[in-house]
There are 2 protein chains.
Amino acid sequence: MLFTGTHIHKLDRKGRVSVPKRFRAALDNEEFAGIYLYQSHKESALEGCSHSHMERIAASLDELDMFSDEADDLADTILGSSHMLPYDGEGRIILPAELIEFARIEDQVAFVGRGRTFRLWNPDIFKPLQEASRTRTLNRGATLKLKPMAELPKGARPGTSDEEDAS
Amino acid sequence: MLFTGTHIHKLDRKGRVSVPKRFRAALDNEEFAGIYLYQSHKESALEGCSHSHMERIAASLDELDMFSDEADDLADTILGSSHMLPYDGEGRIILPAELIEFARIEDQVAFVGRGRTFRLWNPDIFKPLQEASRTRTLNRGATLKLKPMAELPKGARPGTSDEEDAS
DNA sequence: TGGGAAATGATGGGGGTCAATGGGATTTGA
DNA sequence: TCAAATCCCATTGACCCCCATCATTTCCCA
């Protein structure tokens, strides 16, 4: 379950767009055949995730004080503004007009993997941003501290399996 | 069982409103074919939930000191003022006049998912509030500490079902 | 190793189905 | 007996299923 790479697909005149095969494959075992999308907080982009990821968000919100202001805001912003989008027979979703407008998407959509989640962009907007962030990363000499293998969930390590083999 | 998204439906002149298909689907296994609504204690909105969630609230109240003022207040506001609303043949409920008035609902109702629960709003009132939530979330740099997958209820994780045991 | 064939993913579009809505008819209950 | 709730059916428009085509990639074999 990992979203990687950038995939550019066409938005047809019915408002449909194919979800990249790789992304669909990453969602194979989900109980819901489709994806969730919501508006990004900081970017002119859409955040995408799986059903189980959404469950995880809900479960985490549940833990916060049921009456806290922060939980309220997060619920409104994420759960309240998310769209549950099922695939059609060909693995496409219908991109709601509201989201098309928010992300200023025209006739093409870039699916950008971010590991457990992904983003949808207007490719023309994403490209320059991607280059900028690449330059920043290089200049900063950023390093990422990797988690030891042993702490990874089962199924994410070679030689283990979560259910059946996912080779 | 997850309520997500915002769904705006019409309140007809008989005081009926369709419960969104997605919400009804989330309540499929409930013993009661309908929803519960009560007045929110901090917003001009209605809180909605399932029968089993209502049971959960009752159970939580049990744990509070039975004679505490807090328990009294909560019992009055939630259990005492809640309405049990069955669907008609088309999946609609009748919105009681008392609740319409409280939430200042006119001819449209917004069903807003919040995970285990949902809220009903006058869309014109909700919209600006949701914008404000978004802004606060952004400024606060709020991040939600996600619960580890392993602690999620079974059936909420890919590759598990709540039927049999998945080691 | 190159070229052609087959498989697979992406795209376009028609039409049937179902959710949302409106309103009349019948039943229930005060 | 009247009002309100429930049942029932009609309408409509959005969405989903289906199929046809096109573009790639993969595979196979010379």
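Lettering of chains follows the sequences in order, A, B, ..., and the numbering in each one begins at 1.
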Verify, without hydrogens or angle tests, whether A:Arg116 (side chain) and A:Met1 (backbone) share a donor-acceptor contact under 3.5 angstrom. yes
I need the CG-P distance between A:Leu95 and D:dC15, as an integer number of Å. 12 Å
Is there a donor-acceptor contact under 3.5 Å linking the side chains of A:Ser52 and A:Glu30? yes
Report the distance from atom CZ of B:Phe111 to atom P of C:dA19, rounded to the nearest whole Å. 16 Å
In whole angstrom, what separates A:Asp12's CG from C:dG14's C1'? 13 Å
Residues B:Arg134, A:Asp76: salt bridge by 4.0 Å N-O rule: no
Do nucleotides 20-26 of chain D as a string where each nucleotide becomes B, S or -: B if the base has a protein heavy atom under 4.0 Å, S if just the sugar-phosphate does, - if no protein is that close. -------
For C:dG9, take OP1 and OP2 only and decide whether either is under 4.0 Å from a side-chain N or O of A:Lys21. yes
Need one value for B:Arg13: base, sugar-phosphate or nothing, where a base atom within 4.0 Å counts as base even if backbone is also close, heavy atoms only. sugar-phosphate
Name the one of B:Phe102, B:Phe126, B:Phe111 that satisfies ring pair (Phe, Tyr, Trp, His ring centres under 6.0 Å) with B:Trp121? B:Phe126
Nucleotide C:dT11, atom P - distance to CG of A:Leu11 in whole Å: 10 Å
Per atom distances to the B:Pro86 side chain, the nearest of C:dT21, D:dT6, C:dA10 is D:dT6
Does A:Ser18 place a side-chain N or O at less than 4.0 Å from the phosphate oxygens OP1/OP2 of C:dT11? yes
Between B:Asp88 (CG) and D:dA4 (P), how many Å, whole number? 18 Å
Please produce a list of atom pairs where a protein N or O lies less than 3.5 Å from an N or O of nucleotides 24-30 of chain C.
from   : atom 1 : to      : atom 2 : distance (Å)
C:dG24 : O6     : B:Lys14 : NZ     : 2.2

Pick base, sugar-phosphate or nothing for B:Val17, based on heavy-atom distances below 4.0 Å to the nucleic acid. nothing
In whole Å, what is the span from the CD1 atom of A:Ile94 to the C1' atom of D:dC16? 7 Å
